[in-house]
There are 2 protein chains.
Amino acid sequence: MRPTAAVGIHSSEIKQRNVSAILLNLLHYGAISRVLLAQEIGVSTATITNLVAELVDQGLIAEDSRARANGTPNQVGRPQRSLTLIPDARYSAGIHIDVGKLHVTFTDVCGEVVACKSLDHQVEMDWRAVLDQACEALGALQTTHGLASERIVGVGVAASGLVDPTTGINVVAPNLDWHNVPVGDYISARLGLPVTVENNARAMALGEAMFGSGRDIRAMAFIYARIGVGAGLVVNGQIYRGADAGAGEIGHSHLIFDRDGSPQMRSLESIISRPALLESAQSILRQKGPLTLEDVIDRALAGDEALRAMLDERAFYFGIVLANLVNLFNPELIVLGGLFLSERGLLLPTIEKTMRQYAFATLGKRVRLETTGLGNQVGMIGAAALALDRFFYRPQNQLLMKG
Amino acid sequence: MRPTAAVGIHSSEIKQRNVSAILLNLLHYGAISRVLLAQEIGVSTATITNLVAELVDQGLIAEDSRARANGTPNQVGRPQRSLTLIPDARYSAGIHIDVGKLHVTFTDVCGEVVACKSLDHQVEMDWRAVLDQACEALGALQTTHGLASERIVGVGVAASGLVDPTTGINVVAPNLDWHNVPVGDYISARLGLPVTVENNARAMALGEAMFGSGRDIRAMAFIYARIGVGAGLVVNGQIYRGADAGAGEIGHSHLIFDRDGSPQMRSLESIISRPALLESAQSILRQKGPLTLEDVIDRALAGDEALRAMLDERAFYFGIVLANLVNLFNPELIVLGGLFLSERGLLLPTIEKTMRQYAFATLGKRVRLETTGLGNQVGMIGAAALALDRFFYRPQNQLLMKG
DNA sequence: TGGAATTATTTTAGAAAGTTAATTAATTAA
DNA sequence: TTAATTAATTAACTTTCTAAAATAATTCCA
């Protein structure tokens, strides 16, 4: 293997990287002047002038001829000129393949959803059928909204389970019974666009880091719980995948329960996922028929103490796992998505209290804990974010993780 | 805060980074030719020729006029010429401040210990006295071994507890009762050398990544257990610190124990550290007097089943924590140091078995688990590695983590 | 109101560092 | 010994950035 990070700079990368830095700063600040760009990026204003001119020519960014750049009100001297991204300069397609659900979207360069659609699919369906459905839905959206093909930078796919982003293969998606599905190649062949595939929690984490509350954050974790529980880690704006693209398998964290003196192990997924919660609720309620998580929450809020206690206990255990995550990874922010969006105050308070109590010293105090502000769109926005990151904002990083 | 990773390339960095890449490749491969360097680094052979010539002039690297570079035996054509680092071109000073122990060393550029000394110190001593002791010991070693000052790149300090590497302050070292000790400034003033300070487990992780079995590794964890338990994480050859330089506080991971139906929490440190093990052994043996870990191991090996069972249980719990670490961080390698070096087969087998059993799918199978090959020198070598990394191999990274 | 002061951006001239292609060097094969 | 082959160096040139000077757009203040 190559020595870690001992890669040099080929002169052809320099400009591309500086352009990248400009685009990312514009995304981050919304509007920023050339002087500040030069400061932030660490190059001369002359360079900024030249690169900005090119980007304006390409129709990617605009100079607001009126507005002063922020932070410089009424100063002496020539005013700084605001530069902004042109959101509709490019679009990104996102596909979130969830268990039983399929979400597709086009976002603009700023991560705003321009069009989207959610579909159901059966777990028994062949993977081809599922991906066909997604591609057709995207095609329909593109036509309806009149999105020019040449403005679409690519397709991002947030897939369930283990994904190899270098090959675009969904190695295994247990809850869909998919094995080695060549998601990237298949979609790329159908749509004629570059495709990037990633694990769903990781895609969401990136979406949150680029367009959500993770924008100013050095290290963050996104936790998505639904049928399974997964975490996505983002460090300095880049997804952390680990050695085998397996980082973040927090659902398989184990907790120890002594039963009669001998240890018994339980995975987090058996504690806090929707199936786990429903199973427990069903046994509490002695109900056999179908039950939704909303029902359970409703009944707990209506005063079912046994349900409430069950949920509270689960929240406590999840809080412990979060505290351990904080101790190991020391994130600045943890964002929760999926079933946490419908907890209505029954889980979060205990989760947060426990997490802060058991995290080490200041780490637990400093970390922020939130549910995602992107709501149930976080999966598709995350998917679109994958493509934006790889094909628009950081095209130089074509193959980050290879051996 | 600045947008994540949106930093550009100032032209003055380019050469420095390519030089860095050459040095790191030489360290990694031991001997390598210009053609291969060009391939690995991604620049032209012309550039390599020029930069190598400069490095030879500076006396940092040498061309072996005989040897063919490895991997190219008896080929047609002009043979590749081996380039190697000159180990003694520079030295690095390392100080490992452990609880009750102080280890100082000079290593060469390849991490080989040129000279070292270990000292005792009392926990009650003023921090100034401790640091003075270290500086004096270094001074003595330098004189004895005739190490020219101008060849010493700097001093690395592996400190106990929470460290802020940007300021060089040891924010808190609970086991030494140190608070906000300006380690970096103090040593720098005494020795007149640049100093870099880091948490001990992280320093060891870097040492292992540069000079130990972590050399080919993308993501690794080093776990140091003695009075406390800490982990150092290294990703792509760089220390991962987290948002508040608090990553790796694995000793404060909590495990849940049901006691009479209600959960009771225990930290890893209360399970697997030396004090914890000794306390438990003492209560098993009903012995009040002083007991060493070696005694405990001896007696367990001699057939004390209660002790053996205790150690095995502890190993099991540690294995669970490792499995959870593997699931979250997905390292390729985990290296253990400190008390694990004297376990004599009583802990590791159970640790490894448990870790692999409870880690998710392939992650647990792929990860390697070892005790450090650097032995008890890992702390001082890690400390020296800090300085080599920051002042010799990657001088461009002066301030990686700022807000 | 109009110049002085101030700050931002652009232009110009040039330097730094890389690249490509041609050349030279050191081998093996025949 | 010469041809073939591969490595390393050199020479000419390109790219990209920088520094410093010039220009532009304001506010300040008499």
Side-chain angles (χ1 to χ4, degrees), chain A residues 7-22 25 29 31-57 61-84 396, chain B residues 7-22 25-26 31-57 61-84 396:
Chain A
V7 166
I9 302 181
H10 190 281
S11 64
S12 60
E13 297 165 33
I14 299 170
K15 186 173 168 183
Q16 182 51 253
R17 287 192 46 164
N18 286 333
V19 166
S20 239
I22 290 176
N25 272 281
Y29 289 107
I32 186 174
S33 68
R34 290 174 178 81
V35 227
L36 292 177
L37 270 179
Q39 269 176 35
E40 287 291 321
I41 293 178
V43 296
S44 67
T45 56
T47 298
I48 296 292
T49 292
N50 293 332
L51 297 179
V52 161
E54 269 191 59
L55 290 169
V56 170
D57 279 354
I61 73 179
E63 178 169 340
D64 186 334
S65 52
R66 309 265 177 82
R68 276 176 174 279
N70 34 350
T72 58
N74 276 10
Q75 273 183 5
V76 171
R78 176 176 174 173
Q80 303 176 0
R81 275 305 169 57
S82 261
L83 302 167
T84 54
Q396 76 275 23
Chain B
V7 166
I9 302 180
H10 189 281
S11 63
S12 60
E13 297 164 34
I14 299 170
K15 188 173 167 184
Q16 182 51 252
R17 287 192 46 163
N18 286 334
V19 166
S20 240
I22 291 176
N25 272 280
L26 288 173
I32 187 174
S33 69
R34 289 174 179 80
V35 226
L36 292 178
L37 269 179
Q39 270 176 35
E40 287 292 321
I41 293 178
V43 296
S44 67
T45 55
T47 297
I48 296 293
T49 292
N50 293 332
L51 297 180
V52 162
E54 269 190 60
L55 290 169
V56 170
D57 279 353
I61 73 180
E63 178 169 340
D64 186 334
S65 52
R66 308 268 175 80
R68 277 176 174 279
N70 34 350
T72 59
N74 275 10
Q75 275 182 6
V76 171
R78 176 175 175 173
Q80 303 176 1
R81 274 305 169 58
S82 262
L83 301 168
T84 53
Q396 76 275 22

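Keep in mind that what you see is a predicted model, and the values were worked out from it rather than measured. Naming: A, B, ... by sequence-line order, numbering from 1 per chain.
The partner of C/dT19 is D/dA12, judged by Watson-Crick or G-U wobble contacts that both fall below 3.5 Å. With both pairing distances under 3.5 Å, C/dA30 is matched to D/dT1 as a Watson-Crick or G-U wobble pair.
Nearest nucleotide to the side chain of B/Val76, out of D/dA7, C/dT6, C/dA29: C/dA29. With C/dA17, C/dT20, D/dA8 as the candidates, the nucleotide lying closest to the side chain of B/Ile14 is C/dA17. Of the candidates C/dT6, C/dA29, C/dA17, the closest approach to any side-chain atom of B/Lys15 belongs to C/dA17.
Here C/dG18 presents its P atom at 14 Å from CG of B/Leu37, a figure rounded to the nearest Å. For the pair B/Ile9 CD1 and C/dA16 P, the computed distance is 18 Å after rounding to whole Å. Counting to the nearest Å, the P atom of C/dA17 and the CD atom of B/Glu13 are 12 Å from each other. Rounded to an integer number of Å, the gap from A/Asn50 CG to C/dT12 P is 11 Å. One atom, CD of A/Gln16, and another, P of C/dG18, lie 19 Å apart when rounded to the nearest Å. For the pair A/Leu55 CG and C/dT9 C1', the interatomic distance rounds to 16 Å; values are reported in whole Å. Rounded to whole Å, atom P of D/dA19 lies 13 Å from atom CD1 of A/Ile48. One atom, CZ of B/Arg17, and another, P of D/dC17, lie 14 Å apart when rounded to the nearest Å.
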| field | Working for side chain to side chain contact (heavy atoms under 4.5 Å, CB included), residues A/Ile41 and A/Asn18 | value | CA-CA 8 Å; A/Ile41 293 178; A/Asn18 286 333; 4.2 Å; yes
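Put simply, B/His10 has no side-chain N or O that comes within less than 4.0 Å of OP1 or OP2 on D/dC17. Close to C/dT19, at under 4.0 Å from its OP1 or OP2, lies a side-chain N or O of B/Thr47. Listed pair A/Arg81 / C/dT10 fails the phosphate criterion, with no side-chain N or O lying under 4.0 Å from OP1 or OP2.
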Donor-acceptor pairs under 3.5 Å, side chain of residues 50-57 of chain B to any protein atom, not counting sequence neighbours: which ones?
unit_1	atom_1	unit_2	atom_2	d
B/Asn50	ND2	B/Ala46	O	3.3
B/Glu54	OE1	B/Lys15	NZ	3.3
B/Glu54	OE2	B/Lys15	NZ	2.8

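Here the side chains of B/Thr84 and B/Asp64 are not in contact, with every heavy-atom distance at 4.5 Å or above.
Backbone-only contact: B/Asn18 has heavy atoms under 4.0 Å from sugar-phosphate atoms and none from a base.
Of the two residues near DNA chain C, B/Ala46 and A/Val35, the one whose nearest nucleotide lies more 5' is A/Val35. Along DNA chain C, the nucleotide closest to A/Ser11 and the one closest to A/Arg34 are compared, and the more 5′ of them pairs with A/Arg34.
The base of C/dA8 sits with one of its N or O atoms less than 3.5 Å from a complementary donor or acceptor on the side chain of A/Arg78.
Once rounded to the nearest 0.5 Å, the distance linking OG of B/Ser33 with CD of B/Gln39 reads 8.0 Å. We find the OG1-NE2 distance between A/Thr47 and B/His10 to be 8.0 Å, quoted to the nearest 0.5 Å.
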